[in-house]
Amino acid sequence: MTNAKLMKSFIAARRDAIAADFRHLNDMQLEGALTTEGPLLILAGAGSGKTTVLINRIANLIRYGRGSDTDFVPDGITEQDVLLLRQYAASPAAADAQRVRELCAVEPVEPWRIIAITFTNKAAGELRSRLEAMLGADAGDIWAQTFHSACVRILRRDAELVGFSHSFTIYDTSDSVSTMKRIIKDLNLDEKTFTANYILGQISRAKDSMQSAEEYCAEAEASYDIRKKFVGMAYREYERRLRDANALDFDDLIFYTVKLLRENEDVRDYYRRRFRYVLIDEYQDTNRSQYMLASLLTGEDGNICVVGDDDQSIYKFRGATIENILLFEQRYKKARVIRLEQNYRSTGHILSAANAVIRNNTGRKGKELWTAQGPGEKLTLSIADDEAAEARFVASTILDGFAAGANWRDFAVLYRMNAQSNQFEYAFKRAGIPYRVIGGTRFFDRAEIKDVLAYLCVVANPADDLRLSRIVNVPARGIGQKTVDTARDIAAAESRPLFDVLKGCRDYAELSRSASKILAFTDMIDSLRGLLGELSPDEIYDAVLESSGYLRALQEKNDPENEARIENVKELKSNILGYMNEVEEPTLAGFLDEIALYTTLDQYDEDSDYAVMMTMHSVKGLEFPTVFVVGAENGIFPGVQAIGDPDEMEEERRLCYVAITRAKKKLYLTCARRRMLFGRTQANLPSRFIDEIPVEDIDKPEEKRPAMWNFGGTDGGSGYEEYARYNREPQTRTYSTPSQRPARAHSPAPAPKSAAMSLTVGDRVVHKAFGNGTVTAVTPMAGGDALLSVDFGGTVKKLMLKTASAFMKKEQT
DNA sequence: CGCACCACAATTTTT
DNA sequence: TTGTGGTGCG
């Protein structure tokens, strides 16, 4: 064998041997895991196992370095070696694994040379734990973080270089909003034209394109756009105030990190040398500055691997740009592209529907999901009279599923807007279905949580004027708004922290009237600050609740809302304890860092048995056996704003694709003929997306569809008339679920007016989902309804009589 | 200073 | 319909 030939066969055998370690992957996944060098774009369809690829790719890097993707051949290779590798590839157990590893490894990568960036803490956490399961202790050295936490980590080292102290605080969205509201007032801008959200949106876009306030103002000057000039003023002031407060908002974290890396060659080189391999997850959600960050971190070898799905890009409104994916190959020459199209999640009809819908989009890379599973159940369209009936249909279907042995957690209700959750909560409560609403007002957005956190921030950072003004009079301690305003003005005039001014309030005539109260407050904060070195974060937390009087104030007010608030405040403590368990040197500042980036206190807990409801946006990345996409109506989904705007429509369609692909076994689409939304009743047509689903994939109500339902239909006649007639028809029937469920095929969702049976305490009942039970309490309610407590063999359910009668009958004795 | 009442607006939101 | 923010009174 010639030398060249030997080398060639060695390279091939080496790759095969390495591949043997990853034989549980499919061909495309394997390709992703073994392609280690240079820019790589992995287009990963929904449910195609992209995290698996990511994990295995990292494992491969650590074990074999670039062995699977290089022409390098070590000296002294023999034919024996090639044979050994081939033997290993054929049956790994039979070969000397140690020797194989030596032969295959080419510069194995130290774990700390790998950075994997995700968007959510949840994804980062999942990545970390799966890496740990696969690699053990090595996993701890891999940077597996969100964009924002990676930036915090980088900035904590070198914040001085971009003009902040290393102990900067992080402003969340509402901090930014309240700062901006003040600015609008102080600059006397017209609050109608310039809402805080509008200006912040403009600033966010500016930062996304790396434009500082100064640059933005310059551009505004040149543009003769008066509006823009005002925004520029606000931007400049916002930037100044955050700098004074030593605070960065979410966008700043990225912005200043990019700035830091751009302007400081040594810092940039440090990270580039350190990180030999950069991986970015959910690449379709990156914005421009995040792209810049990624490319700044990528060293000369260009080892950047991005994973994403252009069809799942649903965050354009937050600045995400699908271009990052679409242009990847142009930006990184020699980039390789791998498509993962085999779906392991859903059955055939579901995937066929998803493919068909997304096919209507232009401007995409193009993918077709396929599955080795069978066709499974068809989709089901259900049309209800109104939103209440829609919710009852869903509740009823879930009860059926539960009766058939499913768990509550197998069901998810997905809607376009949080406002739609009400009806479902109502129906689920009445039917006794345990559920949780994910998203909406989030834990850390609750006033009581923000208050308590504000105390902690002020204790940790004396310069945090924003949080200080939030709590200075919470609970009420006789320091009024006017007093705070004057103090703030003084602070601004002297450019000192507000806290210092308050401490020195005796020196200012304007403040002397409330001086004693102010000093009581500052003393309290000071003594809490004195505890910083001595007590652990949870003890400080207790001390804050105690000395601030916050907890007492909550307890004294006897309103039922406060029960929940107190619970929340306690819940925060368990957060602190959780943090302390995870970190080696827990500090209050460290906790606050974490919390600032950890907005969602991941409420979705897969272990507990609840049906869940959430927006189609929040469901990305999750999966459920049965999914309900509700409110599938033109005007709701797609929303009104999207109609007539092709780009928006494509975004909505991607959202639809995301929603459909969450379902593993069964997907329901529901709509209502009439619905009340924001106090207005409207009649919407079924979503145009439903029309994009092939008829062979979906069961629809077999009723005559009005002409207007067929887009571009030529049935003649006035669509409006037909539609109006259609809406006037008495609608009492419900539409059967497919024949796979004969048990319920003819049992319609209950109408609320159905005659309620009469029940008294002690009656025995049979519920179709919960089985046999005994009525333990009956509380009469308004409208002739009653709240029942029924003991079903140990678990007591609260049910509404009228709703429950549809699912339950009295046992005859 | 604190509370009650009225006007107004309202996709989606990983950090 | 619901929640929030601003104003005016006790």
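Proteins get letters first, then strands, A, B, ... in listed order; numbering begins at 1 in each. Just so we're clear, the structure is a prediction, and the values are computed from it rather than from any experiment.
- Looking at heavy-atom distances under 4.0 Å, A:Thr483 makes contact with sugar-phosphate atoms alone, never a base.
- For the 3.5 Å distance criterion, the side chains of A:Ser149 and A:Thr146 qualify, holding a donor opposite an acceptor.
- Nucleotides C:dG6 and B:dT11 are separated by 25 Å at their C1' atoms, to the nearest Å.
- Separating the CG atom of A:Asn121 from the C1' atom of B:dT15 is a distance of 7 Å, rounded to the nearest angstrom.
- Taking 90° from 0 as the syn/anti boundary, the base of B:dT11 is oriented syn.
- Among the heavy atoms of the strands lying under 4.0 Å from A:Gln481 are primed sugar atoms or P, OP1, OP2 only; no base atom is included.
- Annotation: the span from A:Phe194 atom CZ to A:Ile183 atom CD1 amounts to 13.5 Å, rounded to 0.5 Å.
- Side-chain contact check for A:Asp451 and A:Tyr550: at least one donor-acceptor pair (N or O, by modelled atom type) lies under 3.5 Å.
- One atom, NZ of A:Lys181, and another, C1' of C:dG6, lie 11 Å apart when rounded to the nearest Å.
- At least one side-chain heavy atom of A:Thr522 sits under 4.5 Å from a side-chain heavy atom of A:Leu519.
- A:Ser174 and A:Lys450 share a donor-acceptor pair across their side chains, judged by distance under 3.5 Å alone.
- Between the CG atom of A:Leu200 and the C1' atom of B:dT15 there is a distance of 15 Å, rounded to whole Å.
- Spacing between B:dT12 and C:dG5 at atom C1', rounded to whole Å, works out to 23 Å.
- Checked options A:Glu648, A:Glu650, A:Glu652; the residue passing with A:Lys316 is A:Glu648 (criterion: salt bridge (charged side-chain N to carboxylate O under 4.0 Å, His left out)).
- Protein atom CG of A:Asn422 is 7 Å distant from nucleotide atom P of C:dT2, rounded to whole Å.
- Counting non-hydrogen atoms under 4.0 angstrom, A:Ile479 reaches the backbone sugars and phosphates but no base.
- At least one side-chain heavy atom of A:Phe147 sits less than 4.5 Å from a side-chain heavy atom of A:Thr286.
- Close to B:dG2, at under 4.0 Å from its OP1 or OP2, lies a side-chain N or O of A:Asn473.
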Q. Reading nucleotides 7-13 of chain B from the 5' end, what letters show protein touch, with B for base, S for backbone sugar-phosphate only, - for no heavy atom under 4.0 Å?
A. ---BBBB
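- We find that CZ of A:Phe119 is positioned 11 Å from P of B:dT15, with the value rounded to whole Å.
- No contact: A:Lys620 has no heavy atom under 4.0 Å from any strand.
- Distance OH (A:Tyr256) to C1' (B:dT15): 17 Å, rounded to an integer number of Å.
- In this entry the distance linking CD of A:Gln420 with C1' of C:dG3 reads 17 Å, nearest Å.
- If you measure from atom CG of A:Asn287 to atom P of B:dT15, you get 15 Å, rounded to the nearest angstrom.
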